[in-house]
Protein chains: 2
Amino acid sequence: MKADTGTAGTAQDDPACSGQLPLAAQNGPVSLLVSRVARLHRIAAGKALKGLGLYPGQEFLMMHLWDAGPVRQSELIKAVDLDPSTVTKMLQRLEQAGHVRRRPDPDDRRAVLVEATDSSCGLLTEVQRAWGELEGHTLAGLDADERAQLARLLGRVEGNLCKETADCPEEARRAALR
Amino acid sequence: MKADTGTAGTAQDDPACSGQLPLAAQNGPVSLLVSRVARLHRIAAGKALKGLGLYPGQEFLMMHLWDAGPVRQSELIKAVDLDPSTVTKMLQRLEQAGHVRRRPDPDDRRAVLVEATDSSCGLLTEVQRAWGELEGHTLAGLDADERAQLARLLGRVEGNLCKETADCPEEARRAALR
DNA sequence: GAGATTAACTTGGTCGGCCAAGAAATACGC
DNA sequence: GCGTATTTCTTGGCCGACCAAGTTAATCTC
């Protein structure tokens with residue numbers, strides 16, 4: 001209904017007009033930026049982790065397991081703040097991949113204890129390295145001040161979205177400490 | 001196999017030490033922040049869009065269609081920079097939901113022309129509103145300077161990750177203009 | 001202690017994403 | 001022209017993520 005490109009179909013006869021921002025997103029340029037950065041970042045992380053036999057998302061589960069040792073699944077769920085069913089399925093796959101071990105909790109027969117396997121601990125180092133590289137790519141060209149600024153602003157944004165979503169671990173953590 | 005928390009298992013007897021950041025992510029605190037913000041932002045967007053009959057992600061497709069009018073599917077794919085199969089399936093669902101119409105391109109019998117339906121154009125306004133609200137929540141409490149800073153820094157980050165991923169529309173757009 | 005409630009998973013379904021492989025039509029090379 | 005790419009889209013499979021509904025076990029109530 002506009003943009004009758006006509007010519008080639010390459011659709012970029014929009015020279016310096018309207019700033020190539022979708023009309024529907026004019027009200028939220030930063031949100032659009034966040035979405036794009038999010039996607040690119042996830043792709044980059046996925047690429048780095050693929051070589052390690054991890055799918056994007058599983059890293060966070062493993063990180064918590066590496067840090068906390070054997071935990072009840074319910075606690076893991078709270079920690080990563082995901083849907084229980086999501087965690088169940090991820091753990092099934094991680095278990096089959098040999099990165100995780102699960103056993104029933106003797107003290108509570110409906111609960112399950114989860115821990116990282118020894119073999120997975122080799123991954124820890126590599127994930128740390130990959131995560132560091134990712135950080136490097138992400139922040140390339142930013143000096144220390146800018147990095148601190150970005151971290152600070154993202155922290156504020158996280159707080160904002162947490163309050164909105166209301167199920168943020170941040171708030172829970174803070175509340176638990178009082 | 002570390003963090004012999006021992007005591008309760010609540011795993012937060014870590015008072016003011018190491019800053020509650022996963023060990024594996026110590027090398028990438030900003031990356032972790034980005035991931036968390038990304039997820040929260042997507043959830044918030046999804047919530048806002050759910051009432052409109054859109055699933056998270058479909059917005060971007062619709063935005064391009066609203067802006068560009070009837071386009072070939074291949075162009076849509078380049079615009080949103082998604083996998084062709086992803087777009088195919090999303091369009092099938094959007095078509096069944098009545099938000100999109102598809103017809104074969106008379107000039108190229110393997111191509112498909114896609115356009116937003118009239119009924120979907122009512123959504124445009126609501127998506128704009130929702131997107132504006134989302135922006136509001138996201139940036140609540142940030143003054144104009146901070147917002148500009150955040151946008152600028154996110155732009156830089158996007159550029160960085162684009163170069164890495166190499167298939168960013170940004171670069172392509174810029175390259176096409178030279 | 002029997003019954004209702006809550007907590008801790010699991011299963012099935014759906015959607016957004018990706019990859020790999022295929023089918024169909026166009027473009028290219030000769 | 002004919003055969004070979006190349007483009008365009010589709011299908012199937014997999015994974016992360018959600019919701020809804022169900023199962024089993026603990027807990028709370030009386």
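First the proteins, then the strands, lettered A, B, ... as listed; each starts at 1. Because the structure is predicted, anything quoted here is derived from the model rather than measured.
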**Asked** Could you walk me through whether A:Gln96 and A:Arg93 pass the side-chain hydrogen bond (donor to acceptor under 3.5 Å, both in side chains) check?
**Response** CA-CA 5 Å; A:Gln96 194 177 5; A:Arg93 287 159 191 150; over 6 Å; no
**Message:** Strictly under 4.0 angstrom, non-hydrogen atoms only: write out the protein contact profile of nucleotides 11-17 of chain C, one letter per nucleotide from the 5' end, B, S or -.
**Reply:** BBB-SSB
Please report the distance, rounded to the nearest Å, between [atom1] in [X] and [atom2] in [N].
| X | N | atom1 | atom2 | answer |
| --- | --- | --- | --- | --- |
| A:Leu61 | D:dC15 | CG | P | 15 Å |
| B:Arg109 | D:dT7 | CZ | C1' | 15 Å |
| A:Arg72 | D:dA25 | CZ | P | 15 Å |
| B:Leu49 | D:dC18 | CG | C1' | 15 Å |
| B:Asp105 | C:dA24 | CG | P | 19 Å |
| A:Lys47 | C:dC18 | NZ | P | 11 Å |
| B:Asp107 | C:dA27 | CG | P | 10 Å |
| B:Leu113 | D:dC9 | CG | P | 9 Å |

**Asked** Between OG1 of A:Thr117 and CE of A:Met62, what distance do you get to the nearest 0.5 Å?
**Response**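 Here the rounded value is 6.5 Å.
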**Prompt:** When you measure from the side chain of B:Gln73, which nucleotide among D:dT10, D:dC19, C:dC19 comes out closest?
**Reply:** D:dT10
**Prompt:** C:dC9, D:dT10, C:dT26: which one has an atom nearest the side-chain heavy atoms of B:Asp108?
**Reply:**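 For B:Asp108, the side-chain atoms sit closest to C:dT26.
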**Prompt:** Do B:Val157 and B:Val34 come within less than 4.5 Å of each other through their side chains, counting heavy atoms only?
**Reply:** no
**Request:** Sorted by first residue and then second, give each side chain to side chain donor-acceptor pair (under 3.5 Å) pair with at least one member in residues 126-141 of chain A; sequence neighbours left out.
**Result:** A:Arg129-A:Glu133, A:Glu135-B:Ser31
**Asked** Hey, does the side chain of A:Arg147 reach the backbone of A:Leu142 with a donor-acceptor pair shorter than 3.5 angstrom?
**Response**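 Flag set: sc A:Arg147 to bb A:Leu142 pair under 3.5 Å.
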**Under 3.5 Å: donor-acceptor pair, side chain of A:Arg156, backbone of B:Gly141** = yes
**Item:** Phosphate-side-chain proximity, A:Arg102 and C:dT10, N/O vs OP1/OP2 below 4.0 Å
**Value:**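 So the side chain of A:Arg102 is within the cut-off, an N or O lying under 4.0 Å from OP1 or OP2 of C:dT10.
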**Residue from A:Arg39, A:His41, A:Arg36 passing side chain to side chain donor-acceptor pair (under 3.5 Å) with B:Glu158** = A:Arg36
**Prompt:** More 5' along DNA chain D: B:Arg110 or A:Pro106, using each one's nearest nucleotide?
**Reply:** B:Arg110
